[in-house]
Amino acid sequence: MDTTANRTLTSLLADDLAWLEDHCRRQPDQASHAGKIRFAAALVRNCIGPFLDGQAPTPLHVAVVGGAGAGKSTVSNMLSGTVLAEANPQAGFTRHPIAFTSANGAAAWPSHNGFLGPLQRLSKPSPSSVDADVYQVRRVPAENGTFTLLDNFVVWDCPDMTTWAAAGYVPRLLEIAGLADVIVYVASDERYNDEVPTQFLQLLLQAGKAVVVCLVKMKEADSPAFVAHFKKEVLGRVGVQALNCLTIPQLSVVQLSDPVRQAGKYRIPLLNQVAVLGNPPPLARKRTVESAMQYLLINQDALLGVARNDLNALGSWRSLVQEGRNEFDLRYRREYLTTERFHRFDEALVRMLELLELPGIGKVLSTTLYVVRTPYRLLKNLFKKATSRPETPAASERLVLDQAMNGWVDTLRKEAVRRAGTHPVWAHINAGFNSGLGEQVKDRYDQGFRGFQLGMADEVDRTARALYEDLQKNPFALNVLRGTKFTLEVASITGAVIAGGLNPWDFLLVPLAASITHQLVELLGKQYVDNQRESARNRQMAMMSQSVSAPLAKWLADWPTTGGSAFERLQLALRRIPDGLRDLNVMIEKAAAGAAPAAEPTKK
Ligand SMILES: Nc1nc2c(ncn2[C@@H]2O[C@H](COP(=O)(O)OP(=O)(O)OP(=O)(O)O)[C@@H](O)[C@H]2O)c(=O)[nH]1
Ligand SMILES: [Mg+2]
């Protein structure tokens, strides 16, 4: 197995989840969600990671969990056969996880990097009430030749799970829950159906942990009723019925002080239940790992759901930027492009029509036709002068763009102020505007505009010139067009003469026919040039968009998730976690099938 790839992947994934947990804890009402993310990270680093690292299946880990003061430390003592765990009437006494391991057992655990995440191992014996991110290991002398659970298991006495929000020590419990192969869930008859421990039990079952329920402190005679009640009230609520429920009635002080000899009647069934769930150890471990992986894959959307509010806020910022861009583009078209004539195209039309006149000897004929059309031309010019309105000069392009730009930025700025209190993304953007974001936008806009100008230099001139230059370069097409025009003119004149016969009316009909034909050709040419003018406009619009508004919109849209912001880290985590889980699953499948090589991690 490629242990380096495994370790890189598991530690990256655990880091991303840890970051997400921290992000979650900063938001109000997200405590239980933060707890679930912590549990997911614990599954990755304490359960899946070591498995892929080739760690031996023994010792298996059994974690004793439950509400405050339920009797966890007492049950831990029964499991380990000692009284080394401090049972204490003060609820919430145990504040960090304590491992009980056989003094004869393997000492090689915990050995791998990142074991139990941020929890440090206490090097000196300390009371279980030490309230710090630590754990400790207590070695238990072997029971003389008798069967002991510690041959194959490490027993973990854990802090309580009374509220998800107990950020101080609940994560320590979650760390061990991630590690555990078997869970002993302790509930006393006083508070067996508290909401949070029940939610926690449900989480453990969803993750496929093997669970034994241990109901304690009831009167012996009440045991069957308590079990029935627990099954109905608690297991019914979490949707699981077939769980092993053992009972340990209220024990005497003598029994509590020597569980091996005095409470064997209750202890042995408990040991048997746990031992069965861990037998054989390789299979039990494989089941723990595969179930954890399935849980992570199935619940990844829910786990990442904590980022939903952030993604919504980012999405609304991006839409606002996009709307601003659309308005910017629209203003450029409406206030500049549509009023801009591109006079070069008018000149090009004249040049094109000139080209259609016959050269050389044909010039005489063309000139004759020109003279014939004189009355029409004079009339047309008069008409044009009388009806044409003075042209409105197009607004300066830069001015229009500047105004559109200011409008865009102002809208964004106002919205950032308005929404700053609704989500940290908006507060971040608002803070950005207060510290120079507006100026940065303008700088980028200037840059974009310069690029646009460079790209556009002579573009319109070139397109307009190409209209007649292309024709000049293609003598065949030119001659065909000239010939067609000339033939049409001659045919129309001849047609007019033939139709009316030779008579004085011909002085009117011949110029009329020549003029109509010419006007037709002119109209066709104008149509063609206008089309070209419109496509030049569209091209200019596209180039402006490409050089100015599109890059600016992208930069603005991405701004909250760049520059090392929390939202940049968030995006990275959201992108990497699903990839990481998929890769991890591939590795587990290969490892479980006994295949040697680890999967190539997906390129990020
Ligand atoms: N008499 C009697 N007392 C018990 C029994 N089980 C637990 N206790 C007492 O109940 C108190 C709490 O038990 P613990 O085992 O410390 O409970 P815990 O779940 O570890 O509690 P925290 O670590 O504080 O969350 C202690 O004083 C125990 O001695 C029992 O069967 N009989
Ligand atoms: Mg305790």
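Ligands are counted one by one from 1 in listed order, and the atoms in each one are counted from 1 as well. Below, all heavy atoms of this structure are taken into account, side chains as well, without hydrogens, waters or symmetry copies.
Leu150 and Ser102 make their closest contact through O-CB, 3.5 Å (heavy atoms, listed as atom of the first residue, atom of the second, distance). What you find for Val274 and Phe153 is that their closest heavy atoms are O-CZ, 3.6 Å. Scanning both residues, Arg308 and Asp301, for their nearest heavy atoms gives NH2-O, 3.9 Å.
In this structure, CG on Leu215 lies 8.5 Å from CG on Leu246, to the nearest 0.5 angstrom. Summarising the geometry, atom CZ belonging to Arg318 is positioned 11.5 Å from atom CG belonging to Leu556; distances are rounded to the nearest 0.5 Å.
Protein heavy atom nearest atom 23 (O) of ligand 1, with residue, atom name and distance: Thr94 OG1, 2.8 Å. Given atom 17 (O) of ligand 1, the protein heavy atom at minimum distance is Gly71 N, 3.1 Å. Looking at atom 31 (O) of ligand 1, its nearest protein heavy atom turns out to be Leu251 N, 2.8 Å. Looking from atom 27 (O) of ligand 1 to the surrounding protein, the closest heavy atom is Pro89 N, 3.0 Å. The nearest heavy-atom contact from the protein to atom 18 (P) of ligand 1 is Lys72 N, 3.4 Å.
Residue Glu86 has no N or O atom closer than 3.5 Å to an N or O atom of ligand 1. Where the criterion is an N or O separation shorter than 3.5 Å, residue side chain and backbone included, Asn88 meets it with respect to ligand 1. Geometrically, ligand 1 and Ala91 share no nitrogen or oxygen pair separated by less than 3.5 Å.
By the 30° and 60° cut-offs, the orientation of the rings of His229 relative to Tyr192 is perpendicular. Using the six-membered ring where Trp is involved, Phe230 and Phe226 have ring planes that are perpendicular, over 60° apart on the 30 and 60° scheme.
Take a cut-off of 2.8 Å around the Mg ion (ligand 2): the protein N, O or S atoms inside it are Ser73 OG, Thr94 OG1.
Residue contacts with ligand 1 include Ala70, since one or more of its heavy atoms lies under 4.0 Å from the ligand.
Among the candidates Arg575, Arg576, Arg582, the single residue satisfying the salt bridge (Lys or Arg N to Asp or Glu O under 4.0 Å) test with Asp579 is Arg582.
The environment of Arg413 atom CZ is dense: over 12 non-hydrogen atoms of other residues, nucleotides or ligands sit within 6.0 angstrom. With a 6.0 Å radius and a threshold of 12 heavy atoms from other residues, nucleotides or ligands, Gln322 has its CD atom above the threshold. For Arg237, the CZ atom sits in a packed shell: over 12 heavy atoms of surrounding residues, nucleotides or ligands are nearer than 6.0 Å.
Listed by number with element, the atoms of ligand 1 under 4.0 Å from a non-hydrogen atom of Gln90 are 24 (O). Interface of Ala87 with ligand 1, defined as ligand atoms under 4.0 Å from a residue heavy atom, comprises 15 (O), 16 (O), 28 (C), 29 (O). Residue contact check: Ala68 has heavy atoms under 4.0 Å from atoms 25 (O) of ligand 1. Of all atoms in ligand 1, listed by their number and element, those nearer than 4.0 Å to a heavy atom of Phe93 are 22 (P), 23 (O), 24 (O). Remark: ligand 1 atoms within the under-4.0 Å shell around heavy atoms of Gly92 are 22 (P), 24 (O), 25 (O).
The heavy atom nearest to atom 5 (C) of ligand 1, out of those in Met78, Lys217, Met218, Gln255, is found in Lys217.
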Pairs of donor and acceptor atoms involving the side chains of residues 59-74, under 3.5 Å and at least two apart or interchain, shall be tabulated with distances.
| unit_1 | atom_1 | unit_2 | atom_2 | d |
| --- | --- | --- | --- | --- |
| His61 | ND1 | Trp156 | NE1 | 3.0 |
| Lys72 | NZ | Gly67 | O | 2.7 |
| Ser73 | OG | Thr94 | OG1 | 3.1 |
| Ser73 | OG | Asp157 | OD1 | 3.4 |
| Ser73 | OG | Asp157 | OD2 | 2.7 |

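For Leu256, every heavy-atom contact with ligand 1 shorter than 4.0 Å involves the side chain, none the backbone.
In this structure, a donor-acceptor pair under 3.5 Å is present between the side chains of Glu195 and Gln199.
A distance-only check finds no donor-acceptor pair linking the side chain of Arg419 to the backbone of Val425 [under 3.5 Å].
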